Amino acid sequence: MKFMKLGSKPDSFQTDGNNVRYVSSDLSTDIVLIVGDVKFYLHKFPLLSKSARLQKLVATTNEENTDEVHISDIPGGPAAFEICAKFCYGMTVTLNAYNVVAARCAAEYLEMNETMERGNLIYKIDVFLSSSIFRSWKDSIIALQTTKFLLPLSEDLKVVSSCIESIATKACVDVSKVDWSYTYNRKKLPEENGNDLNCNGVRNRLVPNDWWVEDLCELENDLYKRVLMNIKNKGIVSNDVIGEALKAYAYRRLHGFSKGTIQSGDMVKHRSIVDAIVWLLPAEKGSVSCSFLLKLLKASISLDLGEMAKGELVRRLGQQLEEASVHDLLIRAPEDGATMYDVNTVQKIVQEFLMQDQNAEIESLETRHELLGTRRPGILSDASKLMVAKLIDGYLAEISKDPNLPLSNFVDLAEMVSGISRPAHDGLYRAIDMYLKEHPGISKSERKRICKLMDCKKLSVDACMHAVQNERLPLRVVVQVLFFEQVRAAASSGSSTPDLPKGIKDLNGGSHGSSRSATTNTEEEWDAVATAEELKALKGELAALRLGNGVGVSERNGDGKSNVDKAAISKMKGLLKSKNIFSKLWSSKGGQGENSGSDSSDSLGSANPEEVKSTPSRNRRHSVS
């Protein structure tokens with residue numbers, strides 16, 4: 001730390017109690033200066049020779065026949081005044097980053113300028129500031145911190161702006177030229193491990209690009225905003241480093257920020273900090289992580305920040321939603337809300353993500369290329385869309401655990417990403433299964449509505465096995481899954497798809513609703529939940545079919561493969577035509593009994609036929625989720 005000593009005489013200021021200061025001298029004091037609650041017993045001559053303001057005040061007291069002068073509004077209070085008084089006496093006084101600004105403001109108040117005496121206190125302090133304080137990284141920060149107690153005079157004297165400019169300029173210096181001390185605790189430095197020695201055995205480490213980030217976290221919000229804005233305006237520091245600075249400041253200043261909930265401390269102050277960080281974020285996409293943006297959004301919701309700040313965060317999140325994780329998206333709903341999570345906010349983020357392609361298309365309409373018949377592709381890549389679709393599938397599975405989640409919230413969010421093509425619907429199936437498990441009381445029409453979100457053709461083999469034995473699914477879905485599994489088995493063996501009963505064909509072709517023949521079930525029967533007996537039969541036969549395919553693959557010599565495949569397909573065809581097992585599926589005479597479904601089903605992937613066939617119908621079920 002830089003310092004400057006003024007004066008050469010011994011310090012003879014003494015204390016008599018807490019509120020009395022006097023000069024030990026052979027001459028008796030002739031003036032009493034009352035600064036705040038402290039009385040200074042001093043001599044007029046050394047003071048009046050250097051302070052124009054004290055001259056005026058003493059002249060006023062002489063007219064009133066009193067030797068007491070009241071100075072209640074001097075910047076820096078008694079401590080700053082004592083520095084000025086010691087300077088007047090020529091006593092030794094030490095200035096440093098902690099007291100120099102207060103002394104400068106007090107000297108300005110006392111009018112200790114060059115018109116009173118050459119080399120007066122104002123001049124000496126200004127030289128010290130420009131030659132030492134403003135040239136030191138840490139001293140500039142310390143001095144800037146002290147200015148907040150000396151407003152507005154410290155601002156009028158341009159001490160604040162000089163400190164800010166000094167700090168910002170140093171933060172923008174090329175790292176190869178940084179040779180001053182700084183704080184860097186976020187990552188363990190190489191020398192702390194005893195490493196990073198050069199050829200002469202001298203410790204040497206590279207200066208990181210964000211070396212200045214932690215030191216600025218010491219600043220209060222208003223000063224921090226001004227410093228960072230100055231750094232941004234210079235256009236030298238990269239956006240990534242600016243983003244890292246904002247992240248470090250948020251973690252330092254907002255307790256509980258890492259968990260997305262700020263529930264203690266000065267809420268007005270915290271609200272101001274979050275608002276400042278939001279508007280200081282670099283405009284470029286990717287300058288901060290999606291996880292950090294979501295934490296900011298959670299904090300803004302927790303602190304009830306303005307809609308403009310929330311909207312800005314939602315817009316930014318939409319630009320890089322593919323980077324998010326399911327855990328980050330779990331935004332807690334307000335305590336007075338009915339649901340556990342804030343699904344509406346997530347819907348807005350997804351909407352912003354999808355709007356990027358639409359906005360790009362609108363912009364292309366305004367270009368000459370569009371007029372010439374060329375069409376600019378959307379800015380979203382297929383990979384980004386697929387990542388978001390999988391993200392929302394996982395998010396739906398998590399929020400489905402909320403027993404108060406309305407079906408409309410689930411369906412609306414799922415439909416937003418339904419236009420994104422993805423090779424498998426296993427994630428969506430898990431989410432649907434979890435919702436059915438946690439909401440067993442929903443109606444048949446609601447089950448039908450939620451199951452329509454899923455494409456049975458895009459379920460994996462394990463998911464199909466699970467779905468066939470899932471007592472929560474409508475009968476329509478179970479038969480669809482069985483049909484597509486049969487088609488898949490036939491395709492893998494090189495055979496054509498076996499003929500199916502008309503009821504099954506109608507079901508998969510979408511005509512079952514309009515056909516009311518003797519071989520077709522009613523709409524209500526198709527939407528009802530399958531019974532355990534039906535699922536057990538389906539499960540066993542499907543496992544047998546898969547076992548047959550596995551054997552066929554292993555038997556490569558001769559006609560073993562084709563014979564086994566044909567036998568398996570024939571068995572499945574017979575299963576689908578069996579009136580004993582499927583009388584309720586396509587016989588309107590059978591009268592399907594209703595089943596409310598159980599709370600769980602066998603775990604996804606139980607493909608062992610022996611295990612499958614021995615599974616009790618209701619006693620032991622495991623959920624896919």
Side-chain angles (χ1 to χ4, degrees), residues 138 140-152 154-155 160-161 163-164 167-168 171 182-186 210-233 237 239-284 286-317 320 328 331-332 334-335 342 345 349:
K138 287 197 172 182
S140 295
I141 295 175
I142 293 171
L144 180 59
Q145 287 176 291
T146 66
T147 61
K148 63 182 179 180
F149 304 109
L150 302 163
L151 296 172
S154 61
E155 191 78 68
V160 177
S161 58
C163 285
I164 291 174
I167 295 168
Y182 59 85
T183 305
Y184 198 80
N185 293 324
R186 287 166 299 134
D210 57 349
W211 62 267
W212 49 269
V213 165
E214 285 194 35
D215 286 329
L216 291 197
C217 290
E218 302 297 329
L219 296 174
E220 292 296 330
N221 186 41
D222 291 340
L223 294 174
Y224 183 84
K225 283 194 297 185
R226 294 178 62 179
V227 171
L228 207 65
M229 186 59 70
N230 194 309
I231 293 174
K232 287 181 64 178
N233 291 340
V237 177
N239 292 315
D240 290 343
V241 176
I242 296 293
E244 186 64 26
L246 294 172
K247 179 180 177 181
Y249 193 74
Y251 276 91
R252 175 76 67 87
R253 291 286 175 171
L254 300 170
H255 299 294
F257 178 79
S258 60
K259 298 179 180 179
T261 55
I262 302 173
Q263 299 175 345
S264 61
D266 187 346
M267 290 302 171
V268 175
K269 181 179 178 181
H270 290 161
R271 192 176 294 115
S272 175
I273 291 173
V274 174
D275 188 69
I277 292 174
V278 171
W279 298 115
L280 285 170
L281 289 170
E284 288 72 14
S287 53
V288 293
S289 67
C290 189
S291 176
F292 177 62
L293 289 174
L294 280 163
K295 286 183 174 64
L296 280 177
L297 181 59
K298 292 176 184 178
S300 66
I301 294 173
S302 174
L303 294 168
D304 195 20
L305 212 60
E307 292 301 321
M308 288 185 63
K310 294 178 187 176
E312 175 66 14
L313 287 171
V314 167
R315 184 186 67 81
R316 289 176 176 271
L317 282 164
Q320 51 192 101
D328 291 333
I331 304 171
R332 286 281 177 178
E335 293 183 359
D342 188 348
T345 297
I349 297 173

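Owing to the predicted nature of the structure, the values given are computational and were not obtained by experimental measurement. Scope of the values below: all heavy atoms of this structure, side chains included, with no hydrogens, waters or symmetry mates. All residue numbers in this chain count up from 1 along the given sequence.
Between Ala276 and Asn221, the shortest heavy-atom contact is CB-OD1, 3.5 Å. Taking each heavy atom of Tyr249 and Glu220 in turn, the nearest pair found is OH-C, 3.4 Å. Minimum heavy-atom separation, Pro282 to Asn239: CB-OD1, 3.5 Å. The shortest non-hydrogen separation linking Leu303 to Arg271 is O-NE, 2.8 Å. Nearest approach of Leu219 to Gln145, heavy atoms of both residues: CD2-CG, 3.7 Å. Considering every non-hydrogen atom in both Lys295 and Ser258, the closest pair reads CE-O, 3.1 Å.
Judged purely by atom type and a 3.5 angstrom limit, Arg253 uses its side chain to pair as donor or acceptor with the backbone of Glu218. Side-chain N or O atoms of Ser300 include one that pairs as donor or acceptor with a backbone N or O of Leu297 at under 3.5 Å. No donor-acceptor distance shorter than 3.5 angstrom exists from the side chain of Tyr184 to the backbone of Asp210, with no hydrogens or angles considered. Remark: side-chain polar atoms of Asn230 are not paired, donor with acceptor, to backbone N or O of Arg226 under 3.5 angstrom. Without hydrogens or angle criteria, Arg316 side chain to Leu281 main chain gives a donor-acceptor distance under 3.5 Å. Judged by distance alone, with hydrogens and angles left aside, the side-chain atoms of Lys298 form a donor-acceptor pair with the main-chain N or O of Asp328 at under 3.5 Å. No donor-acceptor distance shorter than 3.5 angstrom exists from the side chain of Thr345 to the backbone of Asp342, with no hydrogens or angles considered. Under the 3.5 Å distance criterion, the side-chain polar atoms of Tyr224 are left unmatched by any main-chain donor or acceptor of Ile273. Using modelled atom types, no side-chain atom of Lys232 and backbone atom of Ile242 make a donor-acceptor pair closer than 3.5 Å.
Going from atom CD1 of Ile141 over to atom CH2 of Trp212 covers 10.5 Å, rounded to the nearest 0.5 Å. Here the CD atom belonging to Glu312 is positioned 12.0 Å from the CG atom belonging to Leu305, to the nearest 0.5 angstrom. Note that CZ of Phe257 and NZ of Lys247 are 9.0 Å apart. Values are rounded to the nearest 0.5 Å. Separation of atoms CD1 (Ile142) and CG (Leu144) is listed at 11.0 Å; rounding is to 0.5 Å.
Using bins of under 30°, 30° to 60° and over 60° for the plane-to-plane angle, the ring pair Phe292/Tyr251 lands in the parallel bin.
Exactly one residue among Leu296, Val241, Leu228, Val278 makes a side-chain contact (heavy atoms from CB on, under 4.5 Å) with Leu246. That residue is Leu228.
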message: Could you walk me through whether Lys138 and Asp215 satisfy the side-chain contact (heavy atoms from CB on, under 4.5 Å) test, starting with their C-alpha distance in whole Å, then the side-chain angles of each, then the deciding distance to 0.1 Å, before giving a yes or no?
response: CA-CA 8 Å; Lys138 287 197 172 182; Asp215 286 329; 4.1 Å; yes
message: One pair to check against side-chain contact (heavy atoms from CB on, under 4.5 Å): Glu155 and Thr147. What are the steps and the verdict?
response: CA-CA 8 Å; Glu155 191 78 68; Thr147 61; over 6 Å; no
- request: List the steps, then state whether side-chain contact (heavy atoms from CB on, under 4.5 Å) holds for Lys225 with Trp279.
  value: CA-CA 10 Å; Lys225 283 194 297 185; Trp279 298 115; over 6 Å; no
task: Could you give me the CA-CA distance, side-chain angles and deciding distance for Asp304 and Lys310, then say whether side-chain contact (heavy atoms from CB on, under 4.5 Å) is met?
output: CA-CA 9 Å; Asp304 195 20; Lys310 294 178 187 176; 4.0 Å; yes
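Using a 4.5 Å heavy-atom cutoff, the side chains of Asn185 and Glu214 are in contact. Within the 4.5 Å cutoff, the side chain of Ser272 has no heavy atoms near those of the Asp275 side chain. Using a 4.5 Å heavy-atom threshold, the side chains of Leu223 and Val160 count as touching.
Taking the side-chain hydrogen bond (donor to acceptor under 3.5 Å, both in side chains) definition, one finds that Ser140 meets it with Ser166, sequence neighbours left out.
Residue Lys269 qualifies as open at atom NZ: its count of foreign heavy atoms under 6.0 Å is 12 or below.
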